[in-house]
Every structure is written in structure tokens, then in C-alpha cells.
S.K.: 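I'd like to ask you about the structure that follows.
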Number of protein chains: 2
Amino acid sequence: MGTTQLEAAQEPKYWHLRTVLAEALDSEFAVGEVLPNERDLAARFGVARATLRQALEQLELEGRLQRRRGVGTTVAPPRIGVPVGPAEGDWPGAGNDTWRTIGCVEAPAPAAVASLLNEGRPGYRATDMVHTIRRVRMSHGQPVATELLYVPRDSVPGLPELLPPTAHPRAVLRELHRLELESEDRTVELGSARAEDAKQLERLPGAPVLVVTTRYVTGGRVGAVAVATYRADTCRLTFGDTGAVEITHHDDERRQAS
Amino acid sequence: MGTTQLEAAQEPKYWHLRTVLAEALDSEFAVGEVLPNERDLAARFGVARATLRQALEQLELEGRLQRRRGVGTTVAPPRIGVPVGPAEGDWPGAGNDTWRTIGCVEAPAPAAVASLLNEGRPGYRATDMVHTIRRVRMSHGQPVATELLYVPRDSVPGLPELLPPTAHPRAVLRELHRLELESEDRTVELGSARAEDAKQLERLPGAPVLVVTTRYVTGGRVGAVAVATYRADTCRLTFGDTGAVEITHHDDERRQAS
DNA sequence: GAGTGGTCTAGACCACATT
DNA sequence: ATGTGGTCTAGACCACTCT
């Protein structure tokens, strides 16, 4: 990476800088390598630190850089492909997944979830209590997602009363798994990590995340709703039959067809 | 929205500001309403303009605000749910979708696409020419996605030679549609809009997008690859059977379960 | 021309991880 | 204690839209 000056251009400096850095990343850096610090880089390119940071932010958003306070900026590995069903043991509680249960409370569902339950569930009221299970999904030793799973009480009628807190979430998941899953539908959208999610994902609040909302249909009605929050910087969500097709490259410049 | 001063807090100012503004948006603003300009807002909350902008950026990322240079900041409508199959006429070229073809060239596929074709296609070489069709997807009168569709030549052997440029893409899509679609798999990841994509989507370069990569399998091999770029601010991708379930709310604060 | 959001600067200080 | 990225400031100017 030379001591290049930025030539005059129509495009914003930070955008040009992004391109220059992206090329340097491809040709001169290995995964895991640490970049010079922001002050040095800014000086090297003759821009203010804020401008350099704007370029780094872009590259981090694209999953090509990883920045850690107190440590430095490193070249990120390719994104992890995480299967998001349908397929395999997708019904929560199925055996060999990588979810780790964190806790469980009973509370009314937040408005967004309540309205989802409302549509697909005769007789459900927004103030009804639901089992709310928080889980964390690990992959390659890192946390990639946190999930809140909302299970209306009468979806799991066989649940024993008065369970100790540690047994409670396991029991809910087991009862859930006994039901027959008919279908599921999902939405994916961009969001930013709330404080609790951010902590579980080892990121700062506001970090970009992919929010996956799943409705599980069983017995002709919505049996459960899951809101999963995936780290957008490190994850690539995979859908469909093929599952684990490995793609080991970054999304690169595409050709215009016009 | 009062002339509130920010009280001292541990969390960063911009994050607290985001929360305050989000609440104001819920309670005091209607969709489409314009906010005060950034300089006024910053003064009102007693912060620098850059800090206020950081908060606005968050809210824009979450699809709650829309900012247009020279115009102002307005309250965004709920995100549009766009079906992303599998289901319905999903094979490109199927009848009643909302894609508009922009152009078509023949060129070698970019590296990322080439490696996808490589895996699922005996005898394919990275330098082989592919038909590259650019399309734009409209929804509710707005552009929501642009796509580059890569079709290896021998996927469409029946294609006549020497077509006029306008007829070319149509012919490719028609030939493609005659093949039997066996399966498809997808990945979704976060990206930032390249210059050409940004223009089609009426956004600035670097705008956050959801990149949907689809492999279409036909005749036991990958018949085509599509890379679609969806506006992350205005779109919610929907998967699965149910298709058009309308959700008319924003993702709101969720309860901790730990 | 007036008003908006977008870019950029040159500083300062803070929170955090490492030594 | 040092060095890193994260936050924040108070300005300036630019690009764009609208009247």
C-alpha cells in the first residue's frame, strides 16, 4: 500500500479511498493482518481522520475489515455462511444445532411480535403471556446471532407447572419439538443491534444486523415466533436445499450491463 | 418533540439521541411528515451537527427516516415486503413479475459469479462468456432492487444468433424459461451499493443494500446465477409459503430474557 | 438565491486492551 | 503507561432541489 496521494476526482474522497483500500486489501494483505492505525493511515492519504474512518466504515459494513477498540483494524475472514432453513432440524429445539439457551421469562410479547401472533392465531390477545426464550447461536467459535423465541402458553399445554428456572426453557423447547411443524415463513431486514443483543454478539450498540423473523405454523395456527438477530458484518445467510455450499470470496465489482 | 436537553448518561450521546428521536417519531410524527432541518435539531438538543447526524443515520438504517439532499428529512413509511421466493413464478422470465429489463451484454462473469458457476457446472471455465442481463425490480412505483443475471451460453443453446440488442435479453429470458427449474438456493448478505446500482436505486453510492445471490439449478447443473441488490432501507425480504403477509409496524424494543 | 442534506477538516477527549 | 479505535465539537464548503 503506497504513500499515494489522492488525485482529484468527482466522487467523494471517502468513496475513492474505500476503493483504493479495497484493492490494497485484495492484493497486499492477508486475512488477520493488522492495518496501520487510523491516524497514520489518514496522514498517509492526506485526509482527515474522520474521512478515513468513513472509508473504513464502508469496508467494515461489507465484511472486509474488523475493528476492535484498543486493539486495531484487521483484515476480516470471508463471511460465515449460516443456514437459515427451511430444511434440517429447523424447528427450535431440534437436536444438533448450535444454539445455546441463555434464559427464559414469561411476559406479554412486544407489539411487533404480538401482531404476528394475532394474525395467525384465533383468540390471541396482545396482553397474553408468552414464554420468551433467549438463545445465542455459535458458529466457528464465535457468536453469530441472538434470538428471542416467543411461544404462547397454549402452544405447549403439556408443560408442567412450577419448573426451576434452569429446566424451564429446556422443557418449553422439548414440548415445542413434539408438535408437528407444518410450515414456516420468514422475513429478513436490516436493523441495528440493541444494547442487549450487541452485548451477546460482542459488538457495540448500533452495529448492523440482519433481523430474521420466523413464523412457525403448527396445527393450523402460528405456534411460535422467533426474532433472530445476525451479525451483518460476519454472516452470510443461506437458504434452500443446498445448505453448506462454501463460497470463499468477497462480493467484488460487477460489470454494468446497460 | 420538546426542546429537551440530554441528561448525562453512560451511553454515547448519539445513541441516546437515537432513542429519543425514535420515541418522538412513534408518538408525534406521521408518515411523510418532514422533520426540522439538521442544524435546528442539533441546536435544539444541544449537540454538534455531526452527532445529530450519527443518530439520524441509525434511524435511516432502520428504515424509519428518509433523507434527501436539497429536500429534507421525512418520516419513512413501513418497509415494503418483497417476496424473494421460492414460490410463484420465480424462474427469471416468468410472466407477471415486476422486473424491468435494462440491458444485456455478453462478457466473462466476474470472479465471484464465476466460482459459483464453476462449482455446479461441469466444464465451465472462468473465461467463458455469459449473457449478462441487468434488470430493475419495481414495487409500489419505486425501484427496490437491481439484478445482474448471468446465463452461460450453453444454458440457452436454442438462442438465435445475431439478435438486435433490444430483442436479445427477451430471447434469453424466454429460452431460460423453457428449461425446467429443479431447485434454487440463495444467500443474503449486507453490502453497499456500487455506483451503477446506486443510480438505479436512486440512492447515493455506499447506501446499505441486501445482496441476494441465487443459483438456479436445471438439468443437474447450475443454469444461471442472479445477484440482486435490494435497498436495505425500504425493503423487507419475505421468504416462504405465505408470501404477502402484511406487517405494518416497526421492529421495536424487545424484552431481555436473561 | 435560499435552504437542505452531504462532505471534510483539525482538533480534543474518552473507553478499552495490552504491555 | 501506551496505543488503539470510538465519540464529539465547531466550524467550512459543496451538491442538490425548489421557488
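Protein chains get the first letters and strands the later ones, always in sequence-line order, with residue 1 at the start of each.
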S.K.: Please tell me whether A/Arg53 and A/Tyr14 have a donor and an acceptor in their side chains that are separated by less than 3.5 angstrom.
M.R.: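 Per modelled atom types, A/Arg53 and A/Tyr14 side chains form no pair under 3.5 Å.
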S.K.: Does B/Arg53 reach a base, just sugar-phosphate, or nothing at all? Heavy atoms under 4.0 Å.
M.R.: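 Base, at least one base heavy atom under 4.0 Å.
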S.K.: Listed by chain and number, what are the salt bridge (charged side-chain N to carboxylate O under 4.0 Å, His left out) partners of B/Glu23, not counting sequence neighbours?
M.R.: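 Scan of B/Glu23 (salt bridge (charged side-chain N to carboxylate O under 4.0 Å, His left out), adjacent residues dropped) gives none.
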S.K.: Please report, rounded to the nearest Å, how far the C1' atom of D/dT9 is from the CD atom of B/Glu38.
M.R.: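 My rounded result for the distance is 16 Å.
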S.K.: Give the rounded distance in Å between these two atoms: CZ of B/Phe45 and C1' of D/dC8.
M.R.: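 About 17 Å, once rounded to whole Å.
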S.K.: Can a donor-acceptor pair be found between the side chains of A/Thr146 and A/Arg134 at a distance below 3.5 Å?
M.R.: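 There is such a pair between these side chains.
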S.K.: What is the per-nucleotide protein-contact pattern of nucleotides 11-19 of chain D, from the 5' end, where B denotes a base atom under 4.0 Å from a protein heavy atom, S denotes such proximity for sugar-phosphate atoms only, and - denotes neither?
M.R.: -BB-BBB--
S.K.: Which whole-number value in Å describes the distance from B/Asp40 CG to C/dG3 P?
M.R.: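 My rounded result for the distance is 11 Å.
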S.K.: State which residues pass side chain to side chain donor-acceptor pair (under 3.5 Å) with B/Gln58; sequence neighbours excluded, sorted by chain then number.
M.R.: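 B/Gln58: side chain to side chain donor-acceptor pair (under 3.5 Å) contacts with A/Ser192.
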S.K.: In whole angstrom, what separates A/Glu11's CD from C/dG6's P?
M.R.: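 About 18 Å, once rounded to whole Å.
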S.K.: Nearest to the B/Pro12 side chain among C/dG5, C/dT7, D/dT7, which nucleotide is it?
M.R.: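 Selected nucleotide: D/dT7.
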S.K.: Please check the phosphate of D/dT4 (OP1 and OP2 only) for any side-chain N or O of A/Thr73 closer than 4.0 Å.
M.R.: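 The answer is no; no side-chain N or O of A/Thr73 sits under 4.0 Å from OP1 or OP2.
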S.K.: Please report the distance, rounded to the nearest Å, between CZ in B/Arg68 and C1' in C/dG3.
M.R.: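 For the pair B/Arg68 CZ and C/dG3 C1', the rounded distance is 15 Å.
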S.K.: Once you measure the plane-to-plane angle for A/Phe239 and B/Phe239, does it fall in the parallel (<30°), tilted (30-60°) or perpendicular (>60°) bin?
M.R.: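 Correct class here is parallel.
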S.K.: Measure from CG on A/Leu52 to P on D/dG6 and round the result to the nearest Å.
M.R.: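 My rounded result for the distance is 11 Å.
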S.K.: Taking 4.0 Å as the cut-off, does a side-chain nitrogen or oxygen of B/Thr51 come that near to OP1 or OP2 on D/dT9?
M.R.: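 So the side-chain polar atoms of B/Thr51 do come within 4.0 Å of the phosphate oxygens OP1 or OP2 of D/dT9, strictly under.
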S.K.: Round to the nearest Å and state the distance from B/Gln54 atom CD to C/dT7 atom P.
M.R.: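 In whole Å, C/dT7 P lies 14 Å from B/Gln54 CD.
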S.K.: How long is the line joining CG of B/Leu17 and C1' of D/dG6, in whole Å?
M.R.: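 One finds 17 Å between C1' of D/dG6 and CG of B/Leu17, rounded.
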S.K.: OP1 or OP2 of C/dT4 versus the side-chain N and O atoms of B/Arg67: is any pair under 4.0 Å?
M.R.: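 False: B/Arg67 side-chain N/O out of range (4.0 Å or more) of C/dT4 OP1/OP2.
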S.K.: Evaluate side-chain contact (heavy atoms from CB on, under 4.5 Å) for A/Ile133 paired with A/Leu173, printing each intermediate quantity in order.
M.R.: CA-CA 9 Å; A/Ile133 301 179; A/Leu173 287 172; 4.1 Å; yes
S.K.: Does OP1 or OP2 of C/dT4 have a side-chain N or O of B/Asn37 closer than 4.0 Å?
M.R.: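 Yes.
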S.K.: Answer yes or no: is there a side-chain heavy-atom contact under 4.5 Å between A/Leu56 and A/Leu21?
M.R.: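 Yes - at least one pair of side-chain heavy atoms lies under 4.5 Å apart.
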